[in-house]
A.B. asks: 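I have a structure here, written as structure tokens, and I will follow up with some questions on it.
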Amino acid sequence: MYDVIVIGGGHAGTEAAAMAARRGARTLLLTQNLETIGQMSCNPAIGGIAKGTVAREVDALGGIMGRATDQARIQFRMLNRSKGPAVWSPRAQCDRGLYRRAVRWLLEQLPRLAFAQGTVARLETVGGRATGVITVDGRSYAARAIVVTAGTFLRGRIHMGLDTAIPAGRAGDSPSVELAEYIAGQGITTERFKTGTPPRIDGRTVDLSKTERQDGEGEYWFSHYERMAHPAQLPCYLTHSDERLKDIITRHLKESALYGGVISGRGPRYCPSIEDKIVRFPEARRHQVFLEPEGLDTTEMYVNGLSTSLPSAVQLDYLRSVPGLESVEMTRPGYAIEYDYFPPTQLESTLELKGFPGLFFAGQVNGTTGYEEAAGQGVVAGLNAAARALDLEPVVFKRDEAFVGVLVDDLITRGVDEPYRLFTSRAEFRLLLRQDNALRRLYPLALNLGLLAEAERAVAEARLEAEDRTLDLARSSVIRPEQVNVLLEELGQSPLEEPVRVAELARRPGVALGQALALAGIDVGDEVRWADVELKYQGYVTREVEAARRLAEMDSFTLPTDLEYPGLTTLSFESREKLHRIRPATLGQAGRIPGISPADLQNLVVEVVRRRGVSRETGAVRADRAVGTDDSLVG
Ligand code: FAD
């Protein structure tokens, strides 16, 4: 008997298993194929805008993704450098094989985690509660909580053109049909989405002289706890498609599975296929094509930007129209895949299915796309599956605490009408949710939940102390005009007339705190990054903290679980219908449902207080004030 069984060894499953085991649960990771644990189905890269911060959050809690990335990265870049350091986003190109092996090795270090290979066909239940799983070959495993992280595998179907449709979970893997049918048979709403991947090519057949070489940049570790050695670094290459590619795609558009009408599921708008790009942006004459190495021990390359559902012969044709790829050999064609997902408004904020205790969903099965989105949900589902099994407190991340909180709250409150991916713009507190302060935000929780080993706690505490010391140093040290005026002149800024505190100087745009401290004769390590952002954005951060406090007031006003929304006639019909369907846990969550007006929220407060009697009125008054003071919180 296990405490928790995690079905699936992708990016949600591996983090769910790690978190459940770290929280003290005897956990089984049960997946179709042990060799594909941590497999990257598409682009071998981790991080990017918002996603890089999620990878750091997962790591701060003791997850796998950060350390695996550090061990497998073959190119690193900090995105958004031209915008302020508060929105910098780390991204690493990885060796696909090294990443997979690192994930498995890291998981194998967790003593409470066991592994088994098998395809789950259905769940076992007792009295409406999940109690175990049965595999297609008839093995059964019992557990107190189950996490389903089956990715794109549920009734997965690969398309290449109109005539090639292959049942598959991704290229080379069988789909998961029995489990999909079992879940749909339980009355759980099921819908279809699609996503796609580009062709891969033999790097030896690329004329690199016609491309632009792009090297990575310096040192960075996703992990807060370990500084593992990186492998050798490799460059990527940039080229551009032109009118010839546009012409080929336009001529063959009707042969695309997407445009020929054989795919019904919706795809990710922000990760469009090349067919989509040509149709949606007809005026664009060229599109970027990044050639990214698949690994250190192969010449195969990933063709970022040319995802497609066209027949493979057309893919080769359009590839060879791209400068540098005139003689290219295609090693694997691109394809589109359609799969089942479960609209996530059916879930609690713990990612447990409403009305089905012990059953949790995480990752692509909840309508998201992306490794990091999957990993973030894996953390939430794993921690809460362990809580369900061991009778511990549930863990819910707030929107001002982690991008993971934004992600889960968006999913369960707003639902999805296309594959959901994270952007910084989805977070109202984006200056609070930075890659440089993930440890500071989440270490106290990781500590309380007992997720970290002693050595990890020691590293975290030393790091946070060093950051605090650096900030104190900046506030207490003085820099003289002769130490800095040459730099200020170069930056076109007014010179200092008299000595100032280093902190004051570092608030100027273009002056990095590390640089200012160095000019003042003080050496610091990379812990200076956090102190720098804190100083530069102090005013904005204070404002966000205040807005977050108001949100917390609304989120502390809980809504009764048995509230009969259809009978609340002081609310609009539309609001009643949405509240009835989503059944928000708090007033704050109700306010984030699209279409619920501030007036309806106020009426909701009145209705709830009337039902509770006067004893709880203080909370209602606080909530009422929060509703009334900032419409942006409730719109
Ligand atoms: P997966 O990584 O798919 O893992 C699912 C796991 O479940 C696998 O280990 C599988 O073997 C296992 N499994 C399934 N059914 C069973 C069962 N019944 N029993 C036991 N084990 C089971 N993301 C992006 O960010 N950008 C992209 O461009 C992009 N393109 C993609 C293109 C394709 C073709 C595919 C397939 C995915 C793409 N993704 C992309 C999505 C990215 O791969 C996923 O978001 C991410 O892998 C989801 O993680 P997951 O853990 O939910 O599922």
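Just follow the structure's listing: the first ligand is 1, and inside any ligand the first atom is 1.
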A.B. asks: Side chains of Tyr225 and Asp59: donor-acceptor distance under 3.5 Å anywhere?
C.D. replies: no
A.B. asks: I'd like to know if Gln377 contacts ligand 1, where contact means a heavy-atom distance under 4.0 Å to any ligand atom.
C.D. replies: no
A.B. asks: Given side chains that start at C-beta, do those of Gln288 and Thr239 come closer than 4.5 Å, heavy atoms only?
C.D. replies: no
A.B. asks: Report the part of Lys194 (side chain from C-beta onward, or backbone N, CA, C, O) that has a heavy atom under 4.0 Å from ligand 1; answer both or neither where that applies.
C.D. replies: neither
A.B. asks: Parallel under 30°, tilted from 30 to 60°, perpendicular over 60°: which one fits the rings of Tyr220 and Phe76?
C.D. replies: parallel
A.B. asks: Can you report which non-hydrogen protein atom sits closest to atom 12 (C) of ligand 1, along with the distance?
C.D. replies: Gly8 CA, 3.5 Å
A.B. asks: Are any of the N or O atoms of Gln32 closer than 3.5 Å to those of ligand 1?
C.D. replies: yes
A.B. asks: So which bit of Leu179 gets within less than 4.0 Å of ligand 1, heavy atoms only: side chain, backbone, both or neither?
C.D. replies: side chain
A.B. asks: Hey, does Tyr335 come in under 3.5 Å of ligand 1, counting only N/O atoms on both sides?
C.D. replies: no
A.B. asks: Looking only at protein heavy atoms, which one is nearest to atom 26 (N) of ligand 1, and what is the separation?
C.D. replies: Cys271 SG, 4.2 Å
A.B. asks: Is any N or O atom of Thr197, backbone or side chain, closer than 3.5 Å to an N or O atom of ligand 1?
C.D. replies: no
A.B. asks: Can you list the ligand 1 atoms lying under 4.0 Å from a non-hydrogen atom of Tyr371?
C.D. replies: 42 (C), 43 (O), 46 (C), 47 (O)
A.B. asks: With nothing but distance in play, are any N or O atoms of Gly9 less than 3.5 Å from an N or O of ligand 1?
C.D. replies: yes
A.B. asks: Testing Val6, Leu123, Leu28 for side chain to side chain contact (heavy atoms under 4.5 Å, CB included) with Ile146, which one passes?
C.D. replies: Leu123
A.B. asks: Are any of the N/O atoms on Ala12, whether in the backbone or the side chain, positioned under 3.5 angstrom from an N/O atom of ligand 1?
C.D. replies: yes
A.B. asks: Which atoms from ligand 1 have a heavy atom of Thr152 less than 4.0 Å away?
C.D. replies: 3 (O), 36 (C)
A.B. asks: Looking only at side-chain N and O atoms, does Ser309 offer a donor or acceptor that is under 3.5 Å from a partner on Ser256?
C.D. replies: yes
A.B. asks: For ligand 1, which atoms, with element, lie under 4.0 Å from some heavy atom of Gly10?
C.D. replies: 2 (O), 4 (O), 6 (C), 9 (O), 51 (O)
A.B. asks: Identify, by atom number and element, the atoms of ligand 1 in contact range of Gly196, meaning under 4.0 Å from any of its heavy atoms.
C.D. replies: 30 (N), 31 (C), 32 (C)
A.B. asks: Would you mind checking which non-hydrogen protein atom is closest to atom 19 (N) of ligand 1, with the distance to 0.1 Å?
C.D. replies: Val120 N, 2.9 Å
A.B. asks: Taking 4.0 angstrom as the limit, do Arg388 and Asp3 come out as a salt bridge?
C.D. replies: no
A.B. asks: Within the structure, is a non-hydrogen atom of Ile7 found at a distance of less than 4.0 Å from ligand 1?
C.D. replies: yes
A.B. asks: Taking Leu347 as the fixed residue, which of Leu359, Asn366, Val408 is the one that meets the side chain to side chain contact (heavy atoms under 4.5 Å, CB included) rule?
C.D. replies: Asn366
A.B. asks: Which pairs, with at least one residue in residues 171-184 and sequence neighbours excluded, count as a side chain to side chain donor-acceptor pair (under 3.5 Å)?
C.D. replies: Arg170-Asp173
A.B. asks: Out of curiosity, is Asp173 lining ligand 1, as in a heavy atom under 4.0 Å away?
C.D. replies: no
A.B. asks: Examine Arg200 relative to Tyr302 and say whether NZ or CZ is less than 6.0 Å from the centre of the six-membered ring and inside a 45° cone about the ring axis.
C.D. replies: no
A.B. asks: Give me the nearest non-hydrogen protein atom to atom 37 (C) of ligand 1 as residue plus atom name, then the distance to 0.1 Å.
C.D. replies: Ser41 CB, 3.8 Å
A.B. asks: Is it the case that ligand 1 has an N or O less than 3.5 angstrom from some N or O of Gln364?
C.D. replies: yes
A.B. asks: Any side-chain to backbone donor/acceptor pair from Asn80 onto Val87? Under 3.5 Å, distance only.
C.D. replies: yes
A.B. asks: Identify which of Ser176, Ser174, Gly118 has a heavy atom lying nearest to atom 15 (N) of ligand 1.
C.D. replies: Ser176
A.B. asks: Check for a donor-acceptor pair, side chain of Gln346 on one end and backbone N or O of Pro343 on the other, with a separation under 3.5 Å.
C.D. replies: yes
A.B. asks: Using a strict cut-off of 4.0 Å, indicate which atoms of ligand 1 neighbour a heavy atom of Thr369.
C.D. replies: 23 (N), 24 (C), 40 (C), 41 (C), 45 (O)
A.B. asks: Would you say ligand 1 has an N or O under 3.5 Å from any N or O of Phe153?
C.D. replies: no
A.B. asks: Could you check whether any heavy atom of Thr195 sits closer than 4.0 Å to an atom of ligand 1, since that is the contact criterion I want to use?
C.D. replies: yes
A.B. asks: If you measure from atom 3 (O) of ligand 1 to every heavy atom of Ala374, Gly151, Gly169, which option wins on shortest distance?
C.D. replies: Gly151
A.B. asks: Only one of Leu411, Val147, Leu353 forms a side chain to side chain contact (heavy atoms under 4.5 Å, CB included) with Phe361, so which one is it?
C.D. replies: Leu353
A.B. asks: Is Arg81 close enough and on-axis enough to Trp88, meaning under 6.0 Å and within 45°, for cation-pi?
C.D. replies: yes
A.B. asks: If you measure every N or O of His11 against every N or O of ligand 1, does any of those distances drop under 3.5 Å?
C.D. replies: yes
A.B. asks: Does ligand 1 have any atom sitting under 4.0 Å from a heavy atom of Asn43?
C.D. replies: no
A.B. asks: Output the list of atoms in ligand 1 that are nearer than 4.0 Å to some heavy atom of Gly363, sorted by atom number.
C.D. replies: 52 (O)
A.B. asks: Starting from atom 25 (O) of ligand 1, which protein heavy atom do you reach first, and at what distance in Å?
C.D. replies: Gly370 CA, 3.0 Å
A.B. asks: Checking side chain to side chain contact (heavy atoms under 4.5 Å, CB included) between Val148 and each of Val133, Ile5, Ile7, Leu351, which is the one that passes?
C.D. replies: Ile7
A.B. asks: Does Glu294 pair with Arg96 as a salt bridge, N-O distance under 4.0 Å?
C.D. replies: yes
A.B. asks: Out of Ser307, Cys42, Ala336, whose heavy atom is nearest to atom 39 (N) of ligand 1?
C.D. replies: Cys42
A.B. asks: Does a side-chain N-to-carboxylate-O contact under 4.0 Å join Glu124 and Arg139?
C.D. replies: no
A.B. asks: I'd like to check the side-chain hydrogen bond (donor to acceptor under 3.5 Å, both in side chains) partners of Lys51; sequence neighbours left out, ordered by chain and number.
C.D. replies: Glu372, Glu373
A.B. asks: Which is it for Ala150 and ligand 1 at heavy atoms under 4.0 Å: side chain, backbone, both or neither?
C.D. replies: both
A.B. asks: So, regarding Thr149 and ligand 1 (criterion: nitrogen or oxygen to nitrogen or oxygen, under 3.5 Å), is there a contact or not?
C.D. replies: yes
A.B. asks: Could you tell me, atom by atom, which parts of ligand 1 come under 4.0 Å of a heavy atom of Lys51?
C.D. replies: 25 (O)
A.B. asks: Looking at side-chain heavy atoms only, is the closest gap between Thr119 and Leu30 below 4.5 Å?
C.D. replies: no
